[in-house]
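Bear in mind the structure is a predicted one, so any value in this text is a computation, not a measurement. All chains are named by letter (A, B, ...) in the order of the sequence lines, taking the proteins before the strands, and each is independently numbered beginning at 1.
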Amino acid sequence: MPLWLVAVETRTKFSNSNISLLTNRGFASSSSPSNVKHLKQIHAKLIRNGGILDILTAGKLIADIAVSNPSNLDYAKSVLTRLGYPPNTFMWNSMIRGYAHSPIPREAIFFYHQMLEKGFSPNNYTYPFVLKACTQLMDLNLGLGIHGTIIKRGFEDCDVFIQTSLVSFYASCGSIAIARQLFDRSPERDVTSWNALIKGYVRSNRHMDAISVFRAMQDRRDVQADEITLLGVVLACTQLGALEMGSWVHAYIDKNCVKVGTSLGTALVDMYARCGSIDVAMALFKGIPERDVRTWSVMISGLAINGLASEALDLFLEMQRDGIDPDSVTFTSVLSSCSHAGMVEEGLQILGKMGNFYKVEPTIEHYGCVVDLLGRAGRLDEALGLIRRIPLKPDVVLWGALLVACRAHKNVEMGEMVAKEMLKLDPYHCGAHVFLSNVYASTGRWAQVEQVRSSMKEQGIRKPPGSSLIELGGDVHEFLAGDRSHPQTSEIYMMWDEISRLLSLEGHVRSTNGVLFDIDEEEKEQALSQHSEKLAVAFGLINTRQGAAIRIVKNLRVCDDCHSAMKLISKIFDRLIIIRDRCRFHHFKDGSCSCSDYW
DNA sequence: ATAGGGTTAG
């Protein structure tokens, strides 16, 4: 017997008091069984008293079930199909909404198509959910089609929600230019529209543009930045490593009384830590009243990348005393702390306790940290043993950690083996190719060198361009390797010639180890003097007063030659030079570096 | 009755 017949048989007058049982439940609500149980109780009651026949009530029930937890979506679907009468647009929307936020967003699209096929009309509420699904799927073509339908049905120009969804969708799929056009064209924009655009630029690695949009936003009277705006802006500063700008944004937050909740507070702590201002980060951290696992994780890794590993481990203990359970990310921070400080035994111990004691199963990243840790200590055999022993399939990144160690400790045989493993997993891996080429070159196997190099050329394998950022008076200057586009180019190159001269007087001999990793032999010499961090440091020396620290943010690892040059430059010019690497800080002072020459 | 923007590491 269909359920709706059961409902009819037991029908009693449906009273309004039942509506209060159907409370709004967001996605954050837990997936506890009692939640489903509660919903089932309401469902049963509605069948008994006939409430299910009321389309508004049934709709609310379906919405509540669909939104409560993705695992309940099958249940919501079964309610929908057994109603005994046709569902309305609200119900379709609820199903699309539920699936858009689930791990299977493709189902949302399926429901949307079904809805159209069966002749139901989508409304303005439908499209934000549908676009959300497209965004989750990162499916540009699908979204383009949906956008077409939105235009055809006349929704494009009249709904700020749909416009913002479109901006967010295009930005997430890498089409930030289209997102920008839509934003500029929208007849109506509110703070969320601006936030979508700012976050879109951050996602597209266009951090300066994100900040420009924020500045443009401040010139307008019709919109006021909120906590989420600032979250995006702070993130942009973090990625840029732009301390001056970040501090300015922080001041803006205080001046405008923007609410600093746990999220924004965490973002600020992270910004200061990753801009090398660890004291400010710590002071801020202590002032955040409700610290969650992310806040702690950010602070721990902040200490670690700034070379304060034992403080990082102390904080890890304090976190547990505070009753916060570490998660997977926390362990990445903690294990990399050990790695930065060479605390091998501590690291191994923590890895050993992860699954049993902390109930966080180690992932491949965690093993990667420990391989790095062992590799750094020169315990290459143990690192290899670990890779062979883990219950997971080693990936390129894990092998890569060992390759770096083989390079640092000049273990040619193991390195060759590792590089070959990596190329099996990723035939286009640049680092592995270059390593092999170096190994062959160093052992005089020229035919093989030629083979690797020509195959790299054929396959178009190239290292991503290195870039260095340096901040000056609120502006961020970017240099690429061999860059001649900066207005001060001639001064910069003259300065570099002078630096070069002083370096050789100090007995600096160019090391070409790292350079072999970049390019062909014949281009080597030229490229050496043009690495982006060298241009940035020359620029910094020209434009800052004597004694001021020079802060540079680099997107890749520093090469051997730049590293040893920076050490000497810090001594010759008596400057603190701080370079943020792809993964850690180098504080160059008086001729030495905080990383102890392992990176 | 329903909608759009969100923090951590690698």
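Distance from the side chain of Leu235(A) is smallest to dT7(B) among dT7(B), dG5(B), dA3(B). Considering only the side chain of His101(A), dG4(B) comes nearest among dG6(B), dT2(B), dG4(B). When distances are taken from the side chain of Ser333(A) to each of dA9(B), dA3(B), dG5(B), the shortest belongs to dA9(B). Of the candidate nucleotides dA9(B), dG4(B), dT7(B), dA9(B) has the atom lying nearest to any side-chain atom of Val329(A). Between dA1(B), dG10(B), dG5(B), one nucleotide has an atom nearer to the side chain of Leu56(A) than all others, and that is dA1(B). Taking the side chain of Asn124(A) as heavy atoms from C-beta on, and the options dA9(B), dA3(B), dT7(B), the nearest nucleotide is dA3(B). Taking every side-chain heavy atom of Phe129(A) into account, dA3(B) is the closest of dA3(B), dG4(B), dA1(B). Taking every side-chain heavy atom of Thr192(A) into account, dG4(B) is the closest of dG6(B), dG4(B), dG10(B). Across dG6(B), dA9(B), dT2(B), the shortest atom-to-atom separation from the side chain of Thr332(A) is found for dA9(B). Of the listed nucleotides (dA3(B), dA9(B), dG6(B)), dA3(B) has the atom at the smallest distance from the side chain of Phe161(A).
Ion pairing between a basic and an acidic side chain is recognised when a charged N comes within 4.0 Å of a carboxylate O; Glu156(A) and Arg185(A) show such pairing.
Crowding of Gln114(A) atom CD: a count of heavy atoms from other residues, nucleotides or ligands under 6.0 Å exceeding 12. Few gaps surround CZ on Phe120(A); more than 12 heavy atoms of other groups in view lie less than 6.0 Å from it.
Considering only side-chain N and O atoms, Arg203(A) lies under 4.0 angstrom from the phosphate OP1 or OP2 of dG6(B). Using a 4.0 Å cut-off, some side-chain N or O of Lys132(A) falls inside it from OP1 or OP2 of dG5(B). For Lys60(A) and dT2(B), the shortest distance from a side-chain N or O to OP1 or OP2 is not below 4.0 Å.
As judged by a 4.0 angstrom heavy-atom cut-off over every strand, Ser193(A) is placed among the base-contacting residues. Using a 4.0 Å heavy-atom criterion, one finds that Val160(A) contacts the bases of the nucleic acid, with or without backbone contacts as well. At the heavy-atom level, Asp270(A) lies under 4.0 Å from the strands shown only through sugar-phosphate atoms. When heavy atoms are screened at a 4.0 angstrom cut-off, Ser165(A) is found touching the sugar-phosphate backbone but no base atom.
Between the base of dG4(B) and the side chain of Asp190(A) there is a donor-acceptor pair shorter than 3.5 Å. A donor and an acceptor atom never sit less than 3.5 Å apart when one is taken from the side chain of Thr164(A) and the other from the base of dG5(B). Side-chain atoms of Asp159(A) and base atoms of dG4(B) include no donor and acceptor less than 3.5 Å apart.
The nearest whole Å value for the distance from the CD1 atom in Ile198(A) to the C1' atom in dG4(B) is 15 Å. The interatomic distance linking Glu188(A) (CD) with dA3(B) (C1') rounds to 14 Å, in whole Å. Rounded to whole angstrom, the span from the CZ atom of Phe285(A) across to the P atom of dT8(B) amounts to 16 Å. Look at CG on Leu166(A): it is 18 Å from P on dA3(B), rounded to the nearest Å. One interatomic measurement links the two molecules: CG of Asp327(A) to P of dG10(B), which rounds to 13 Å at whole-angstrom precision. Rounding to whole angstrom units, CE of residue Met217(A) and P of dG5(B) are separated by 15 Å. Going from atom NZ of Lys199(A) over to atom C1' of dT7(B) covers 8 Å, rounded to whole Å. One interatomic measurement links the two molecules: NE2 of His366(A) to C1' of dG10(B), which rounds to 10 Å at whole-angstrom precision.
Ring geometry for Phe285(A) against Trp296(A) counts as perpendicular: the plane angle is over 60°, on a 0 to 90° scale with 30° as the lower cut. A tilted orientation is assigned to the rings of His43(A) and Tyr75(A), their planes being inclined by 30° to 60°. Classified by interplanar angle (parallel below 30°, tilted 30° to 60°, perpendicular above 60°), the ring pair Tyr112(A)/Tyr127(A) is perpendicular.
Ring-to-base geometry does not place Tyr125(A) in a stacked arrangement with dA3(B) (centre distance under 5.5 Å, plane angle under 30° required).
The closest side-chain donor-acceptor pair between Thr229(A) and Asp226(A) falls under 3.5 angstrom.
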